[in-house]
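Presented below is the structure to which this report refers.
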Amino acid sequence: MSSTSSLSPGIASDAPEAALGRTGRWYAFIRSIPTWIVWLIVIVWSIPSLGLFVNSWRTRDAQTSTGWWAVNVDELTFDNYDQIFSARNSIWDSLANSFAIALPATIIPIAFAAFAAYGFAWIDFKGRKGLFIATVSLLAIPLQVALIPLLQLYVGGAKWTLPLLDKTITLVPDFDLAGETTAVWLTHTGFAMPFAIFLLHNYISSLPKDLFEAARIDGADHFTIFWRLVLPLSVPVLAAFGIFQFLWTWNDYLIANTMVGSNPDAHPTTILIANLAGDFGRNEHILPAAAFVQAFIPLVAFFALQRFFVRGMLAGSVKG
Amino acid sequence: MAQVVLDKIDKIYPNGFQAVTELSLEIEDGEFLVLVGPSGCGKSTALRMIAGLEEISGGEMRIGDRIVNDVEPKDRDIAMVFQNYALYPHMSVYDNIGFALKLAKVPKEEADVRIREAARILELEDNLDRKPGQLSGGQRQRVAMGRAIVRKPSAFLMDEPLSNLDAKLRVQMRAEIARLQRELGVTTFYVTHDQVEAMTMGDRVAVIKDGVLQQVDTPQKLYDRPNNVFVAAFIGSPSMNLFEGIFSLNSEGASVALGSQTLQIPAPVIEARPGLRRFDGKSLIFGVRPEDMNDAALVESGLVTTNITAEVALIEALGADILVHFPLDTPVVDSGDPDAVQDLSENTMVVGRFDPRSRPRPGDTVDVAINAARMNFFDSESRLAIWE
């Protein structure tokens, strides 16, 4: 506290006030927007979903002949949903596959990234800053360019022939993950890590330093501090990241199609739905209904985790 | 319970900034020592080095008879109270107080007894199930205290624990902490920038400036016989008036030229401070506390005083006494306190604490009597007090 203020008393006393002024003005600006404008934006944004929802209850003919706004209450039918749940490749199987992908792909990055973020934020080690920058800059690598190399790594592993000696060593064994959901969540996990570490680090590093020092004096080591202080206090950001990551992995099509596209038994719902449309879009009319089945789970996840966005988790720990 | 000894402690930050220089302090067993200084003087750094939160760059630190330079905070057997309380927001008051015991694997029953005992002492019994967010500032402060006392440490370290409370509560908690410390008899190292806290709470007070210790003494001694200009100006409110002037001996004693006026110094004053004789014809710093000035018309008989005349600029009536501000045409003496309000004008503003029967008005010219026995003189080069 005083060590920083002793180095730069001027900055320490002026900066927070200036920042407060800026955010204050920004909030004042946002508050000055009339509520009806906000509602208008909400409505405009919701119209496509509404249209999709209405169409999911209409027959193929109705959908192709008139727009969803011309809906007639009498024409509503349950046929589309019926067709989805009775399809040859059951949607139940694909939902199970989606869970098998989205759950590990959400939980594992959170578990790893929380440790990493704590380390980057509060453990002083050599090269901490450089390593953190390197980790975060991995955000810039597009997932798409890594798909084929990753697939080759999963199927066949990685071998390296030593020059001169003419000896081949195995760097990564052949896991034969082609067509396995493991390949999908493993890829998601890896690519989620930089963002997860970045997000959690920002939050965890902003926890009050005094808390950590008090805990150290109370006799806590890093592990205890992590479990007893950091995790309970980081629930809001963990929930936020969890929702993002779950939505992203649940709705992913590209990685799933690359890794398990060849194995119908491992298809998640996204691929199943795309295939439902059939050749030449024969069954296009059941897509809206399928989309709502697909969207139901993330909505449940969102509302379940939403209550963890508790405001003022830190209220009362330190003054100010 | 233990003695805490700092032996020539240095703190140099990696960027080369020296926050603490050869700080030597002995805090006796059970003593309440207050370290006071202006902001950025290294006092918190010193405390954090005792706690083990800051590495010690040089010197030796002992708690009890152990050298603790490289001992982890948790193994130093100290408890710390933070400026911001640093309560664990997700834990109840009970868990906050008991956290250290839990980590130390104290049996549940024993921990429960100790937590409830601490809560009783601090009158927190009704709030044990609450979270810190539901408590008032004063209660949070007490929880922070409870977290410290429940461990029965050999020393308490307190880092400006009262600075976040409002004025009234601060006075109340000040007395409460001092009482608690005397009751428990635990060696206490208390850091503050508030000299009133320092004077009222400490058995002894250490004044520090720019990482260098200025003086360690009982509050009264610090007040009566400050070592140097900085301590003189820092301790006391309103602070001591300081003037620079030419000192010359004469037949009736001596005189100091203060701007256009000459202040006559009676012979007994010189006799009590033989060192002054060396300054004949030289410049020195003359200091007088506000309460040692009075309206010349109201001076009790028998008191040896010497007068100056002044034109009153401002009056602050406090009821018990009146603060009279008047300018004197001597240059401002910089006491070295970075927190002090700097008056850049040519005139030094002087504050006198007058008898309330005195009724000067702004613009009036008054004779100001200065109590000769309580005059202070400092070397203007070394800034040290002149006595011997």
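Numbers restart at 1 for each chain; the letters A, B, ... are given by sequence-line order, proteins then strands.
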A:F112 atom CZ, over 12 foreign heavy atoms within 6.0 Å: no
Check whether any side-chain N or O of B:Y88 sits under 3.5 Å from a backbone N or O of A:A215 as a donor-acceptor pair, and report yes or no. yes
As an exercise, state the distance from CZ of A:R216 to CE of B:M80, rounded to the nearest 0.5 Å. 11.0 Å
At a heavy-atom separation under 4.5 Å, does B:K102 approach chain A through its side chain, its backbone, both, or neither? side chain
Would you indicate whether A:F246, at its atom CZ, is surrounded by more than 12 heavy atoms from other residues, nucleotides or ligands within a distance under 6.0 Å? yes
Can you tell me if A:W122 has over 12 outside heavy atoms packed within less than 6.0 Å of its CH2? yes
Which bit of B:L47 comes within less than 4.5 Å of chain A, counting heavy atoms only: side chain, backbone, both or neither? neither
Just so I know, are the side chains of A:I217 and B:K74 near enough to count as touching, which here means a heavy-atom distance under 4.5 Å? no
Chain A heavy atoms under 4.5 Å from B:A144: which part of the residue, side chain, backbone, both or neither? neither
Just checking A:F29: does its CZ atom have more than 12 heavy atoms from other residues, nucleotides or ligands closer to it than 6.0 angstrom? no
Spacing of A:K209 atom NZ and B:N84 atom CG [to the nearest 0.5 Å]: 12.0 Å
Side-chain touch B:P89/A:L211, heavy atoms, less than 4.5 angstrom: yes
For a quick test of reading the model, state the closest non-hydrogen atom pair linking A:D218 to B:L103 and the distance between them. O-CD1, 3.8 Å
What's the separation between atom OH in B:Y85 and atom CG in A:D210, rounded to the nearest 0.5 Å? 11.5 Å
Can you check whether A:L229 reaches B:H90 side chain to side chain, under 4.5 Å on heavy atoms? yes
Within 6.0 Å of CD in B:E125, more than 12 heavy atoms from elsewhere: yes
